[in-house]
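A short worksheet on the structure shown next.
Numbers restart at 1 for each chain; the letters A, B, ... are given by sequence-line order, proteins then strands.
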2 protein chains.
Amino acid sequence: MAASRPNSPASTTTLADRILADLTAAIVEGDLSPGEKLREPDLARRFGTSRGPLRDALRRLESRRLVVATPNAGARVVSLSHEQLLALYELREALEGQTARLAAERISAAELGELERLLDTHAAEIERRHGREYFRQQGDLDFHFRIAKASGNALLYDTLCVDHYQLMRLYRTKFSNRFGRPNRALAEHRRVLEALKDRDGELAELLMRRHIRAARDTIAAEPPSTDTT
Amino acid sequence: MAASRPNSPASTTTLADRILADLTAAIVEGDLSPGEKLREPDLARRFGTSRGPLRDALRRLESRRLVVATPNAGARVVSLSHEQLLALYELREALEGQTARLAAERISAAELGELERLLDTHAAEIERRHGREYFRQQGDLDFHFRIAKASGNALLYDTLCVDHYQLMRLYRTKFSNRFGRPNRALAEHRRVLEALKDRDGELAELLMRRHIRAARDTIAAEPPSTDTT
DNA sequence: ATCTCAATTATTGTTGACAATATATAGCCG
DNA sequence: CGGCTATATATTGTCAACAATAATTGAGAT
């Protein structure tokens with residue numbers, strides 16, 4: 001149940017792998033807009049391959065929920081409705097609450113130290129605002145993912161950080177960074193870390209769930225924007 | 001984010017769909033054993049198709065975690081280690097806790113009635129033991145899945161009942177039905193249902209999590225059996 | 001006899017052509 | 001002029017052959 005093989009030496013990369021990475025980047029970076037039709041011949045030409053590996057990549061994107069496909073009708077870039085986005089946060093709340101609870105029992109001293117340093121970095125980043133928000137977001141997810149790793153549950157980690165990672169990235173750009181949020185989020189992170197240090201799984205879960213629900217609430221308050229579903 | 005299209009009239013079924021269903025059945029029913037190598041030419045011949053749709057089906061099975069594949073080395077039927085099986089229950093605990101919590105807020109009166117009747121059926125089934133255990137298990141999952149449906153969160157439902165359904169079925173056969181478990185499990189179900197009726201999300205989550213943790217504990221107490229990972 | 005290495009075999013990755021289905025266009029009828 | 005049907009086009013589904021990689025077998029040396 002390995003997420004990816006970062007350390008296997010002869011990690012032979014297949015064509016479908018490369019297309020998967022490129023297509024994912026194209027979607028998350030907005031090069032392909034939500035709802036856009038994904039025509040196989042076009043994409044195959046674009047990536048310089050045949051349709052075989054491309055279809056393979058599309059299937060994997062489908063399982064990561066970045067693409068929705070209907071038989072004989074083709075694939076489209078995902079376009080979450082307001083409700084679906086809120087549902088994503090409800091899923092995160094469940095998964096990340098559990099990772100926090102388990103991490104409190106299993107995290108190592110070294111990992112705790114790394115988390116501490118990470119949050120210090122974030123604090124500095126917020127201080128001198130010019131630091132592009134992009135990095136802050138990336139770092140924010142880092143915090144969440146390291147806790148998932150520290151949960152010692154590879155299945156939870158994969159479900160969260162592999163299957164739903166890019167989808168979260170895609171729909172995060174627009175919402176986070178509301179005015180007070182960055183600093184409040186940092187404070188919430190700090191409290192989660194304290195609970196982890198205290199080995200208090202119950203509290204860590206509670207705080208993590210509140211943290212994610214807070215993010216959800218800011219979205220729930222948003223105007224539903226133009227909804228393509 | 002539809003799981004499957006049960007009611008679309010012209011639901012054109014592709015070849016890969018059929019293979020996916022057949023292969024899934026073969027794995028879950030033990031026709032293909034855990035860890036067994038899945039050779040594409042063999043399987044293609046077996047299902048009377050070419051390798052194209054077969055590879056497609058294999059990719060989807062991979063995303064449902066029933067198959068593990070490594071590039072250039074082929075695919076095998078999943079074989080969960082003792083730890084991985086426990087991890088699966090930790091995932092369920094998180095997901096189903098959340099479905100119970102949300103269902104308490106959103107379930108309809110009609111759905112509550114159906115759940116009640118379902119549990120009565122289970123009670124009768126346990127009473128006259130000759131009822132094959134198979135049906136009991138199926139029914140047990142039914143209870144959990146109806147709650148997932150009633151949570152009103154399609155993403156949670158899919159993650160639980162589509163992505164991990166067959167994997168749970170596969171590794172359930174061997175463990176549940178320990179001596180007192182069926183009756184205890186039924187009692188636990190009843191208490192969850194009571195919480196749902198009371199619209200007490202907090203309690204429903206707590207009870208559901210305990211229920212799943214109880215199942216996990218019986219497994220944790222098992223001998224790790226012969227572990228192929 | 002055992003280990004190493006090379007050649008062979010088998011299996012997966014990739015490609016382009018063909019078939020089946022869905023979408024778009026144009027003509028017809030009301 | 002609007003809606004519907006039939007044709008035409010484009011796109012997805014399927015197939016069989018080819019290329020590249022991994023697994024296996026056998027020979028040779030120590």
- Task: Round to a whole Å and report the spacing from CG of D56(A) to P of dG13(C).
- Result: 8 Å
- Query: So, is T14(B) near the phosphate of dT14(D), with a side-chain N or O under 4.0 Å from OP1 or OP2?
  - Reply: yes
- Query: If you look at every strand shown and take non-hydrogen atoms under 4.0 Å, does L54(B) touch a base, only sugar-phosphate, or nothing?
  - Reply: nothing
- Spacing of R59(B) atom CZ relative to dT12(C) atom C1', expressed in whole Å: 10 Å
- To the nearest Å, give me how far apart CD1 (I19(A)) and P (dT14(C)) are. 8 Å
- Separation of dA10(D) C1' from D42(A) CG (nearest whole Å): 11 Å
- Task: Indicate, with a heavy-atom threshold strictly under 4.0 Å, whether G52(A) touches base, sugar-phosphate, or nothing.
- Result: base
- Message: Quick test of your reading of the model: are R18(B) and D22(B) salt-bridged, counting only N-O distances below 4.0 Å?
- Response: yes
- Query: Rounding to a whole Å, what distance do you find between R51(B):CZ and dT15(C):P?
  - Reply: 14 Å
- Task: Check the distance between dT11(D)'s P and R45(A)'s CZ and give it to me in whole angstrom.
- Result: 9 Å
- Nucleotide dT12(D), atom P - distance to CG of L15(B) in whole Å: 18 Å
- Basic-acidic side-chain contact under 4.0 Å: D56(A), R60(A): yes
- Toward the 5' end of DNA chain D, which comes first, T49(B) or E40(A), by nearest nucleotide? E40(A)
- Query: Can any side-chain N or O of S81(B) pair as donor or acceptor with the backbone N or O of Q84(B) at less than 3.5 Å?
  - Reply: yes
- In whole angstrom, what separates R39(A)'s CZ from dT9(D)'s P? 17 Å
- Can you tell which of dT12(C), dA23(D), dT14(C) lies closest to the side chain of N72(B)? dT12(C)
- Phosphate OP1/OP2 of dG13(C): any R55(B) side-chain N/O under 4.0 Å: yes
